[in-house]
Amino acid sequence: MSEPTPKTRFAPSPTGALHLGNLRTALFNALLARGHGGRFVLRIEDTDRERCSPEAAQALMGNLRWLGLDWDEGPEAGGPAPPYHQHERGAIYDAYCARLEAEGHAYPCFCTEQELEMARRAQRAAGQPPRYPGTCARLSAEEVARKRAEGREPALRFRVPPGEEVRFHDRVHGEQRFRTDDLGDFIIRRADGTAAYLFSNAVDDALMGITDVLRGDDHLTNTPRQLLVLAALGLPAPRYGHMGLILGDDGAPLSKRNGSRSVDELEAAGYLPEAILNYLARIGHAYATEAPLGLEGLAEGFDTARLSPSPSRFDPDHLRHWQDEAVQAATAERLRLWLAMDALVPPGYVEELINAVRGNIRFPADGREWAKRVFGPPPALDADAEAAIEAAGAAFFETAAAAAEEGYNRFQGLRGALQERTGRKGKRLLMPLRAALTGRCSGPELQPMVDLMGGERVTARLRRAVEVAAEERAQEG
RNA sequence: GCUCCCAUCGUCUAGCGGUUAGGACGCCGCCCUCUCAAGGCGGAAACAGGGGUUCAAAUCCCCUUGGGAGCGCCA
């Protein structure tokens with residue numbers, strides 16, 4: 001018997017921006033499918049109209065596409081099990097709910113929020129687990145009819161069979177056993193008629209043919225409930241794998257407080273998709289290589305047996321490392337689009353500039369900064385640069401400017417002429433030059449930058465350096 | 001409170017009964033070098049604690065401790 005090709009899904013609730021934890025879940029599910037020639041489904045879990053918005057769903061899809069995590073089935077892609085927005089699947093849920101109710105697996109519950117809240121508080125106070133007390137579990141048909149006649153809209157609650165044990169094999173944690181007595185009856189349809197997560201999520205996985213579900217550990221204790229629902233409905237259950245959660249750098253759940261940023265924020269900050277992907281793929285999952293991988297490589301090396309059950313911490317330094325790797329590995333063309341600095345660079349020079357500065361940049365702003373220093377007006381001098389210029393003295397720059405004006409304005413020529421005329425070499429020669437030309441004492445190799453600048457700019461900057469050095473002399477004197 | 005999950009350098013991790021406990025990030029040093037990066041080389045840095053099982057335990061079992069999750073008409 002061969003393994004069926006996997007079908008995985010990402011089933012986000014569009015309640016806000018896509019964050020790293022959820023994104024990793026999406027990534028692993030996508031990798032599992034892609035690595036085995038399977039299919040990846042996107043399903044929007046928007047049954048809670050209060051909290052969900054179409055804008056958030058749209059943004060989320062944009063994020064996934066930006067990262068290259070396109071889905072094979074789902075919104076805007078179609079597929080054999082539409083619709084892929086849960087808010088459009090009400091009729092399906094109604095039918096399954098009706099069946100559960102007819103077969104006694106579910107019952108209407110008229111308890112109000114306040115009643116439930118009070119019951120929970122009382123249970124906690126008494127040292128009891130806060131579980132549904134079963135108030136409406138044994139309502140007679142007459143009582144139900146009467147309450148309905150009073151105009152009260154009930155929620156639908158799943159009747160958890162007592163005294164049983166639910167077992168399943170988790171791909172990450174191994175064998176799991178839960179006693180149904182620890183569960184408590186749970187809501188599968190709200191009083192407003194919309195389906196609740198536990199129910200719609202499980203039913204849709206079955207209906208959409210999902211074979212494998214990778215999700216966070218926070219769902220581990222939900223699993224027996226979903227298994228119970230599927231069993232009552234005679235629907236197949238997927239294979240589950242629960243991964244350790246990503247925590248903040250303080251060990252608390254990931255949130256804005258401890259450094260988590262949304263995909264939107266990371267994109268705005270200049271992170272490349274490859275950086276985010278490589279970083280996330282290595283949290284809770286180990287690859288054989290530390291080299292940066294593309295989506296295909298990540299999928300190829302992905303193995304659920306290498307998923308970690310333990311929680312891990314988000315580390316901004318590590319993300320930055322993958323950003324550096326991504327920048328170094330990217331083609332010049334890729335960086336050109338990312339840097340968006342065409343307006344700052346004369347046509348035809350972009351690639352050369354990129355290759356000159358790529359080792360010194362991490363974000364687009366860094367690249368644009370160098371573009372301006374090379375091709376813009378003489379750049380502002382920072383304190384170190386000014387000091388270096390003053391230390392070299394006006395005479396040095398006078399000589400340099402003269403040489404440039406004579407035509408020694410390419411790097412090698414200028415360097416040779418200056419060495420000959422001033423007797424300076426090495427650092428004593430090049431540091432003042434660097435300061436005068438780029439405004440800073442650190443940065444990419446001088447040679448390509450100087451040659452990219454061209455004679456006019458070089459001369460102008462050297463002339464300015466003469467003035468700066470002379471002014472200083474005058475002030476001191 | 002109850003149920004469940006987790007535990008190797010500061011962080012991400014390899015390890016699945018016998019290893020000098022390996023790698024990566026970060027940190028430190030050296031090399032390269034006009035500087036800063038990049039790159040190369042090297043260094044400091046870990047099996048939470050206690051009991052078992054075994055000839056042998058980071059690895060298997062139990063307890064403690066410490067983290068995390070669930071117990072919602074949120075997902």
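Chain letters run A, B, ... following the sequence lines, proteins first and then strands; every chain starts at 1.
- Taking the P atoms as reference points, B/C60 lies 26 Å from B/A24, given to the whole Å.
- The side chain to side chain donor-acceptor pair (under 3.5 Å) pairs that include a residue from residues 8-28 of chain A are A/Arg9-A/Asn201, A/Arg9-A/Asp205, A/His19-A/Ser260, where partners are two or more places apart or lie in different chains.
- Protein chain A touches strand RNA chain B; the 5'-most and 3'-most nucleotides with an atom under 4.0 angstrom of its non-hydrogen atoms are B/G1 to B/A75.
- For the pair A/Glu150 and A/Lys147, the salt-bridge criterion is not met [side-chain N within less than 4.0 Å of a carboxylate O].
- Residue A/Arg157 is in sugar-phosphate contact alone, with no base atom involved, counting any heavy-atom pair closer than 4.0 Å across all strands shown.
- Enclosure of atom CZ in A/Arg428 is not indicated, since only 12 or fewer non-hydrogen atoms of other residues, nucleotides or ligands lie within 6.0 angstrom.
- A/Phe168 and A/Tyr240 have perpendicular rings, their planes meeting at more than 60° on a 0 to 90° scale where under 30° would count as parallel.
- Within the nucleic acid shown, A/Pro253 comes within 4.0 Å of sugar-phosphate atoms alone, with no base atom in reach, counting heavy atoms only.
- As judged by a 4.0 angstrom heavy-atom cut-off over every strand, A/Arg120 is placed among residues touching the sugar-phosphate backbone only.
- B/C9 and B/C28 have their C1' atoms separated by 15 Å, given to the nearest Å.
- Across every strand in view, B/U3 sits in a pair with B/A69 that passes the Watson-Crick or G-U test at under 3.5 angstrom.
- Crowding of A/Glu300 atom CD: a count of heavy atoms from other residues, nucleotides or ligands under 6.0 Å not exceeding 12.
- At the heavy-atom level, A/Glu445 lies under 4.0 Å from base atoms of the strands shown.
- The environment of A/Phe302 atom CZ is dense: over 12 non-hydrogen atoms of other residues, nucleotides or ligands sit within 6.0 angstrom.
- A/Ser442 comes within 4.0 angstrom of a nucleotide base, judged by non-hydrogen atoms across all strands.
- For the P atoms, the distance from B/A7 to B/C62 is 13 Å, rounded to whole Å.
- In this structure, A/Glu117 reaches neither bases nor backbone, as no heavy-atom distance under 4.0 Å exists between it and the strands shown.
- Here the separation of B/C36 from B/G70, taken at their P atoms, is 49 Å to the nearest Å.
- For the side chain to side chain contact (heavy atoms under 4.5 Å, CB included) test, residues two or more places apart in sequence or in another chain that qualify with A/Ala435 are A/Ala385, A/Ala388, A/Ile389, A/Cys441.
- Residue-level contact check: A/Leu446 touches the bases, meaning some heavy atom is under 4.0 Å from a base atom.
- Using a 4.0 Å cut-off between charged side-chain N and carboxylate O, A/Glu175 and A/Arg177 make no salt bridge.
- Among the protein residues, A/Arg215 comes within range of no part of the nucleic acid, since none of its heavy atoms lies under 4.0 Å from any strand.
- If you check every strand for non-hydrogen atoms under 4.0 Å, A/Arg131 touches sugar and phosphate atoms only.
- If you check every strand for non-hydrogen atoms under 4.0 Å, A/Asn201 touches nothing.
- Between B/A48 and B/A37, the two P atoms lie 36 Å apart (nearest whole Å).
- A distance of about 11 Å separates the C1' atoms of B/C32 and B/C41, rounded to the whole Å.
- Mapped onto RNA chain B by nearest heavy atom, A/Asp182 and A/His219 fall at different nucleotides, with A/Asp182 at the one closer to the 5' end.
- Within 4.0 Å (heavy atoms only), A/Asn360 reaches at least one base atom of the nucleic acid.
- If you check B/G39 for Watson-Crick or wobble pairing at under 3.5 angstrom, you find it paired to B/C31.
- Looking at heavy-atom distances under 4.0 Å, A/Gly251 makes contact with sugar-phosphate atoms alone, never a base.
- As rounded to the nearest Å, B/A69 and B/G15 have C1' atoms that lie 27 Å from one another.
- Across the interface with RNA chain B, nearest-nucleotide mapping of A/Gly127 and A/Pro311 shows A/Gly127 to be the residue nearer the 5′ end.
- Base pairing annotation: B/A56 forms no Watson-Crick or G-U wobble pair, as no partner gives both donor-acceptor distances under 3.5 Å.
- Within 4.0 Å (heavy atoms only), A/Gly216 reaches no atom of the nucleic acid at all.
- Using cut-offs of 30° and 60° on the angle between ring planes, the pair A/Tyr279 and A/His318 is tilted.
- Within 4.0 Å (heavy atoms only), A/Tyr279 reaches no atom of the nucleic acid at all.
- Using C1' as the reference atom, B/A46 and B/C61 are 24 Å apart when rounded to the nearest Å.
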